[in-house]
Amino acid sequence: QTCALPISRVWAYSPVLLGNGAPALYVMVGVTQAAVATLVSRSLFGIGALTLTVIAVIVTAFVTFGRRFFLAPARELAAVQERLALADWSARASKTLRDDDSPFGRLARGLEGLAVELEKRDRRVQDDAKQIRQSERRTKNILDSMFAFVGVYSLDGVVRDVNAAPLRASGLSREEVVGRPFAETAFFADDPASAAIVRDMLRRAAAGETVRNDVVVTLRGQTSVFDVTFGPLRNADGAIVEIVGSGVNVTARKAAEEA
């Protein structure tokens, strides 16, 4: 800019800052405005080009190393989690990642420990289920070997299960008995009075009573007298959840008593 000194032109500009934050002041004396503008634009262009180069290097480094140190471990751990969600307890991150001391490595070791514990729990559940199935088969085998008629009924009197004895004696299939109201099965088709007695006994058992009575039962077209008992079946909390019943053929004994 012009001043009172005997100098035609003085121009000053500062395109960059020094390391201490002070402007790097350029002073040109006797230079035209156009020449200064050219020098300034060249300086700024050089600085811009250098800045873009640095940014490009940083982006390239981030993409290259980010893919290796961030994206790849994250994808590997996500794949392990998906396999664990499908109960694949053998799912593990690579040994390289598990041995790494980074947050990804710690997470990989945590997932490995989780997989081990889930596998142990799953094995315990399977063992318990196997024992329950074996116990149920053993109980059923015992009941099926008995001569007494044994059944389990819902609180509204529907047959849920029976042992083999009544099916052998009547010639009925399991499908003809299970799932039907007990008082409406073929056991009482020829004796409505007995059906009414059974219906009342089941109602009282569902209310908590243990009831016993002689009931006429039809087996293969022949009537027999059974000593029948129904009682409530309770769960661990004491609530009545089902009815259990049993019956023993006492026809011969009744005939002997009446003789």
Side-chain angles (χ1 to χ4, degrees), residues 87 118 121-258:
L118 289 174
R121 188 198 65 176
D122 192 39
R123 189 177 296 113
R124 287 194 299 268
V125 170
Q126 291 180 4
D127 291 342
D128 291 344
K130 181 179 179 180
Q131 292 179 2
I132 291 173
R133 289 193 298 269
Q134 290 175 343
S135 177
E136 290 176 345
R137 284 196 298 267
R138 184 167 55 251
T139 301
K140 185 168 181 58
N141 290 338
I142 292 172
L143 292 175
D144 286 343
S145 67
M146 298 173 61
F147 290 102
F149 291 11
V150 180
V152 178
Y153 313 88
S154 66
L155 297 182
D156 54 357
V158 175
V159 182
R160 287 187 171 172
D161 199 7
V162 293
N163 67 339
L167 303 179
R168 287 195 301 262
S170 64
L172 299 173
S173 66
R174 181 173 295 274
E175 290 73 20
E176 292 176 289
V177 177
V178 175
R180 298 188 58 190
F182 187 46
E184 298 177 11
T185 59
F187 294 112
F188 312 105
D190 297 333
D191 195 333
S194 292
I197 292 173
V198 168
R199 193 176 290 110
D200 181 67
M201 293 176 70
L202 287 168
R203 180 187 58 78
R204 292 166 60 186
E209 290 187 60
T210 298
V211 291
R212 180 179 179 183
N213 208 336
D214 289 342
V215 178
V216 176
V217 177
T218 301
L219 301 172
R220 299 181 185 271
Q222 302 291 323
T223 58
S224 301
V225 180
F226 274 73
D227 182 356
V228 177
T229 301
F230 292 107
L233 187 63
R234 302 177 185 271
N235 62 13
D237 298 325
I240 300 173
V241 293
E242 289 178 317
I243 301 169
V244 61
S246 64
V248 179
N249 194 331
V250 294
T251 303
R253 190 188 71 187
K254 285 292 184 180
E257 290 175 354
E258 295 174 357

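Quick note: numbers below take in every heavy atom, side chains included, and nothing from hydrogens, waters or symmetry partners. The chain is numbered in sequence order, starting from 1.
A search for side-chain hydrogen bond (donor to acceptor under 3.5 Å, both in side chains) contacts involving R168 returns nothing, not counting sequence neighbours. Listed by chain and number, the residues in a side chain to side chain contact (heavy atoms under 4.5 Å, CB included) with Q126 are D122 (sequence neighbours excluded). E184 pairs by the side-chain hydrogen bond (donor to acceptor under 3.5 Å, both in side chains) definition with nothing, not counting sequence neighbours.
Looking at L219 and F226, their side chains come closer than 4.5 Å, going by heavy atoms from C-beta outward. Side-chain contact between V225 and N249 is absent, with no heavy-atom pair separated by less than 4.5 Å. V228 is listed as a side-chain neighbour of M201, based on a closest heavy-atom distance under 4.5 Å. A heavy-atom distance below 4.5 Å is not found between the side chains of V178 and R160. When side chains are defined from C-beta on, V177 counts as touching L172, because their heavy atoms get closer than 4.5 Å.
One N or O on the side chain of N235 and one on the backbone of D237 form a donor-acceptor pair closer than 3.5 Å.
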Please tabulate, for side-chain N and O atoms in residues 187-199, each donor-acceptor pair with protein atoms closer than 3.5 Å (sequence neighbours left out).
{"residue": "D191", "atom": "OD1", "partner": "A193", "partner atom": "N", "Å": "3.2"}
{"residue": "D191", "atom": "OD1", "partner": "S194", "partner atom": "N", "Å": "3.1"}
{"residue": "D191", "atom": "OD2", "partner": "S194", "partner atom": "OG", "Å": "3.1"}
{"residue": "S194", "atom": "OG", "partner": "V216", "partner atom": "N", "Å": "3.3"}
{"residue": "S194", "atom": "OG", "partner": "V216", "partner atom": "O", "Å": "3.3"}

Scan the side chains in residues 147-157 for donor-acceptor partners under 3.5 Å anywhere in the protein, sequence neighbours excluded, and list what turns up.
{"residue": "S154", "atom": "OG", "partner": "D156", "partner atom": "OD1", "Å": "2.2"}
{"residue": "S154", "atom": "OG", "partner": "V158", "partner atom": "N", "Å": "3.0"}

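In this structure, CD on E176 lies 10.0 Å from OG1 on T185, to the nearest 0.5 angstrom. Within the model, atoms CG of L118 and CZ of R123 stand 11.5 Å from one another, a figure rounded to the nearest 0.5 Å. In this structure, CZ in R234 is found 4.0 Å from CD1 in I240, a value given to the nearest 0.5 Å. Atom CG of D127 is separated from atom CD1 of I132 by 11.0 Å, given to the nearest 0.5 angstrom.
Applying the side chain to side chain donor-acceptor pair (under 3.5 Å) test to residues at least two apart or on different chains, the pairs with a partner in residues 214-224 are D214-K254.
Of all non-hydrogen atoms in N163 and L167, the two that sit nearest each other are O-CG, 4.0 Å.
We find that D200 and R203 are joined by a salt bridge, their nearest charged nitrogen and carboxylate oxygen being less than 4.0 Å apart.
By the neighbour-count criterion of 12 heavy atoms within 6.0 Å, atom CZ of R253 is densely surrounded, having more than that number from other residues, nucleotides or ligands.
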